[in-house]
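To start, the structure under review is shown below, and the notes come after it.
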Protein chains: 2
Amino acid sequence: MPSDKIENTVPLLSAFFTEIGIIEQLSRAALERVLPDGMKQPHFGVLNHMVRLGLDESPAQLASAFQVTRPTMTNTIQKLEAKGYVVVKPDPRDGRAKIVQITDKGRAAREAGLAALGPLMQPLYETLGKDLFEELTPKLSRVRTYMDENR
Amino acid sequence: MPSDKIENTVPLLSAFFTEIGIIEQLSRAALERVLPDGMKQPHFGVLNHMVRLGLDESPAQLASAFQVTRPTMTNTIQKLEAKGYVVVKPDPRDGRAKIVQITDKGRAAREAGLAALGPLMQPLYETLGKDLFEELTPKLSRVRTYMDENR
DNA sequence: ACCCTTTAATTAGATATCTAACTATATAAT
DNA sequence: ATTATATAGTTAGATATCTAATTAAAGGGT
């Protein structure tokens, strides 16, 4: 299976990554058009992550979870904090670290975002079929995992 | 096939788009690490597009091809022009429009980018297999096409 | 001919992201 | 203990992107 003709590698993988890039752009634009209160995708992503995991994580852990740099996560957290969606406290166990906690207001904003998401996704789901996404997601996960481990 | 339980829509599609987003980040970072002369992904993408199609297109056509806004493409073209990779001329058939042409220097830069791309993609190809990408790409294309037509 | 609408390109201003550099704290080595 | 190294978080500066507004030109309707 591995090591077919290498000449075909670049065009094939270029087409793959081109599709990935355009879907990313389209999905972010579609999401941000319906998110309430001018919320951006990364903000919603972090709120969602915190609700689902139910943990109080550090900025560094969040940066790692979202594959962004720490300064980027610093910026995201500051925006969430300014809106009252999270509170940031010092970590009693590590003087360098902090702990980020979602607030009730943050939970409400996340709920509102989720509610806006349904109508966006339902047509995709109904038109293209659940099976397509159930098939694609684990395979994309394989690609993502490999790239993440070998970067 | 369409219209399964709608409750499952959001988590399933969220996971899909999360994978898309992370792969996009990782691939852009990997690409820009190996591109010569500080070239960025959009610059390489435009040069590549122009060589493959062999057409002289307008900024508006390029913006449409890459699914970015026109101001974004204006910025990209200005950067390419500053490096001498393209020349921009008025369109004799439409006083509003311009025509973007790749230069020999731009072609050389594109070639250098392509050469750097191979070693990046070969491990992916060999480890995960050609079949995976041949299977994924047309399916992603279906998703992209639908989203593009219904945004 | 003249106005109205659309389209092409740009400019201005805002935001998210990155890398590099900095501060502070923790951990390991000697 | 002291020193060196690594890690957490932030700040500073640069870039790519977006939306809104501006300018110029094309096309359609009356």
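Letters A, B, ... mirror the listed sequences (proteins, then strands); counts begin at 1.
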Quick check on DNA chain D: between A/D94 and A/Q25, whose nearest nucleotide comes earlier from the 5' end? A/D94

A/Q41 and A/E32: which non-hydrogen atoms are nearest, and at how many Å? N-OE2, 3.0 Å

Minimum-distance nucleotide (side-chain atoms of B/T76 versus C/dA24, D/dT10, D/dT17): D/dT17

Which part of the nucleic acid, if any, lies within contact of A/P59, taking any heavy atom under 4.0 Å across all strands shown: a base, the sugar-phosphate backbone alone, or nothing? sugar-phosphate

When every non-hydrogen atom of B/T69 is compared with those of B/A63, the smallest separation belongs to O-CB, 4.0 Å

Residue closer to the 5' end of DNA chain D, A/T74 versus A/R28 (nearest nucleotide): A/T74

Please classify the nucleic acid contact of B/D91 as base, sugar-phosphate, or nothing, using heavy-atom distances under 4.0 Å. nothing

Would you call A/E135 and A/K139 a salt bridge, taking side-chain N to carboxylate O under 4.0 Å as the test? yes

note: B/R70, atom CZ; D/dA24, atom P; distance rounded to Å ~ 17 Å

Nearest-Å distance, CD (B/E81) to C1' (C/dA9)? 13 Å

By nearest heavy atom, map A/M73 and A/G95 onto DNA chain C; which one lands nearer the 5' end? A/M73

Rounding to an integer number of Å, can you tell me how far A/K98 NZ sits from C/dT25 P? 12 Å

Using a 4.0 Å cut-off on heavy atoms, which residues in residues 33-48 of chain B reach DNA chain D? List them by number, or say none. B/K40, B/P42, B/H43

Hey, does A/Q61 reach any base, or is it just sugar-phosphate, or nothing, if we go heavy atoms under 4.0 Å? nothing

So, is B/T69 close to the D/dC18 phosphate, meaning a side-chain N or O under 4.0 Å from OP1 or OP2? yes

A/Q67 atom CD is separated from C/dC18 atom C1', nearest whole Å, by 15 Å

Let me see the working for B/V88 and B/L80 under side chain to side chain contact (heavy atoms under 4.5 Å, CB included), right down to the final yes or no. CA-CA 10 Å; B/V88 181; B/L80 291 172; over 6 Å; no

Winner on side-chain proximity to A/T72, out of D/dT7, D/dC18, C/dT17, is C/dT17

Rounded to whole Å, how long is the line connecting atom CD1 of A/I77 with atom C1' of C/dA16? 14 Å

State which of C/dT25, D/dA20, C/dT7 makes the closest approach to the side chain of B/P71. D/dA20

Nearest-angstrom distance from the residue atom CD1 of B/I99 to P of C/dA8: 14 Å

Using the rule that Ile, Leu, Val, Met, Phe, Trp and Tyr join whenever any side-chain heavy atoms are under 4.5 Å apart, tell me whether A/L13 and A/Y146 fall into a single cluster. yes

Which heavy atom of B/T103 sits nearest to which heavy atom of B/G84, and what is that distance? OG1-O, 2.7 Å

In terms of side-chain heavy atoms of B/N75, which of D/dA8, C/dC18, D/dT17 is nearest? D/dT17

May I ask you to verify if any side-chain N or O of A/R96 is less than 4.0 angstrom from the OP1 or OP2 atom of C/dA24? no

Sub-6.0 Å ring centroid separation between B/H43 and B/Y85: no

Considering only heavy side-chain atoms of A/K79, the closest of C/dC18, C/dA8, C/dA16 is C/dA16

Steps toward side chain to side chain contact (heavy atoms under 4.5 Å, CB included) verdict (A/F17, B/L124): CA-CA 12 Å; A/F17 287 115; B/L124 258 181; 3.7 Å; yes

Between C/dC18 (P) and B/E24 (CD): distance, integer Å: 10 Å

Quickly work out the B/I22 CD1 to C/dT17 P distance and round it to whole Å. 13 Å

